[in-house]
Chemist: 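For reference, the structure I am asking about is given below.
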Amino acid sequence: MAIVIDGKALAAKVKDEVRHEVLTLPRRPGLAVVLVGEDPASQVYVRGKESDCAQCGIESFGYRLPADTPEEELLALVRRLNEDQRVDGILVQLPLPAPLNEKVVIDTISPDKDVDCFHPFNVGQLHIGQARFAPCTPAGVMEMLRAYDIPVRGKRCVVLGRSNIVGKPMAVLLTQADGTVTTCHSRTEDLAEITRQADILVSAIGRAHFITADMVKEGAVVIDVAMNRNESGKLCGDVEYDEVFPKASYITPVPGGVGPMTRAILMRNILTAARSHLE
Ligand code: NAP
């Protein structure tokens, strides 16, 4: 029977620590949140991040732009925010509506204010073990493992997914924590054979019901990063929770697992940015 990793409670603790640290600063940290278009999921995410900021004593500056905003206008806003002394972090909510080019926009954010850790400079720093900002979702997972005293050193870790936002940085952090890491993706052969070897299985694919009990080793730690909607529109992960739960030693629920931790690490990154701007 698995122990359920309570991401919500852990995230509340992290945000509380950030709130206390913020009180020691000579000014409030600031986050600029840029939302282009009307995507309902993005609107929910942005509102969540703004509410986290309010809880942590971080000022948020919202910029809502229409979906047909010309790229040059968006880039001009990002450049202005790069220079704005009140703004410590800049978050451009992804995905951007077509034909806006996400890469160009991310590259325009000053690496000093790239609190999502998406800029190529920060990604490079992460890969050489010198990250100034933590990649929010993978760092949230690592924080969960630490909080529950789950050892990574020497363990077989299998990461499903190789995206720039989740899979790749997840594999980097697990490797840096001395895990032995295998990354799987849509071209992986004999996937279940590999997942069955995992002491720590992190799934970030984005397909409901994908991880079934026969793919999981008895006693494995199962971390479900995904946020999918099932047939009845309910939020769920990649893991078939009810059947994997009795087999795992630890498991994260969806919702209430990795999602809240991602947001809490973002708050910590804004604090880190503010501290460096105040030096
Ligand atoms: P993504 O960019 O779509 O990447 C999905 C990855 O899964 C790709 O690497 C893909 O392989 C792989 N994949 C797809 N089908 C597969 C299959 N049948 N077998 C093995 N691998 C397969 O997605 P993402 O941005 O990484 O996000 C992944 C999930 O995490 C989504 O559900 C997303 O909503 C969720 N998410 C959650 C949080 C959070 O805070 N909890 C944060 C970010 C994302 P290829 O590379 O070969 O295409």
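Note that these values count all heavy atoms, side chains included, but never hydrogens, waters or copies made by symmetry. Both counts, for ligands and for their atoms, begin at 1 and track the order of listing.
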Chemist: Please tabulate protein-ligand N/O pairs under 3.5 Å for ligand 1, atom names and distances to 0.1 Å.
Modeler:
{"unit_1": "ligand 1", "atom_1": "9 (O)", "unit_2": "Arg162", "atom_2": "N", "d": "2.8"}
{"unit_1": "ligand 1", "atom_1": "11 (O)", "unit_2": "Ser186", "atom_2": "N", "d": "3.2"}
{"unit_1": "ligand 1", "atom_1": "18 (N)", "unit_2": "Arg207", "atom_2": "NH1", "d": "3.1"}
{"unit_1": "ligand 1", "atom_1": "21 (N)", "unit_2": "His185", "atom_2": "O", "d": "3.4"}
{"unit_1": "ligand 1", "atom_1": "21 (N)", "unit_2": "Ser186", "atom_2": "N", "d": "3.3"}
{"unit_1": "ligand 1", "atom_1": "26 (O)", "unit_2": "Ser163", "atom_2": "OG", "d": "2.5"}
{"unit_1": "ligand 1", "atom_1": "32 (O)", "unit_2": "Met227", "atom_2": "N", "d": "3.1"}
{"unit_1": "ligand 1", "atom_1": "32 (O)", "unit_2": "Asn228", "atom_2": "OD1", "d": "3.4"}
{"unit_1": "ligand 1", "atom_1": "40 (O)", "unit_2": "Thr262", "atom_2": "OG1", "d": "2.7"}
{"unit_1": "ligand 1", "atom_1": "41 (N)", "unit_2": "Val225", "atom_2": "O", "d": "3.0"}
{"unit_1": "ligand 1", "atom_1": "46 (O)", "unit_2": "Arg162", "atom_2": "NE", "d": "2.7"}
{"unit_1": "ligand 1", "atom_1": "47 (O)", "unit_2": "Arg162", "atom_2": "NE", "d": "3.4"}
{"unit_1": "ligand 1", "atom_1": "47 (O)", "unit_2": "Arg162", "atom_2": "NH2", "d": "2.8"}
{"unit_1": "ligand 1", "atom_1": "47 (O)", "unit_2": "Ser186", "atom_2": "N", "d": "3.1"}
{"unit_1": "ligand 1", "atom_1": "47 (O)", "unit_2": "Ser186", "atom_2": "OG", "d": "2.5"}

Chemist: Output all residues satisfying salt bridge (Lys or Arg N to Asp or Glu O under 4.0 Å) with Glu83, sequence neighbours left out; order by chain, then residue number.
Modeler: none

Chemist: Run the side-chain contact (heavy atoms from CB on, under 4.5 Å) test against Pro246 and tell me which residues pass, sequence neighbours left out.
Modeler: none

Chemist: So does Ala12 get a backbone contact from the side chain of Gln55, meaning a donor-acceptor N/O pair under 3.5 Å?
Modeler: no

Chemist: Between CE of Met261 and CD1 of Ile5, what distance do you get to the nearest 0.5 Å?
Modeler: 10.0 Å

Chemist: Could you tell me which non-hydrogen atom of Thr195 sits nearest to which non-hydrogen atom of Met215, and how far apart they are?
Modeler: OG1-O, 2.8 Å

Chemist: Please enumerate all residues that pass side-chain contact (heavy atoms from CB on, under 4.5 Å) together with Ala32, with sequence neighbours excluded.
Modeler: Tyr63, Leu81, Val87

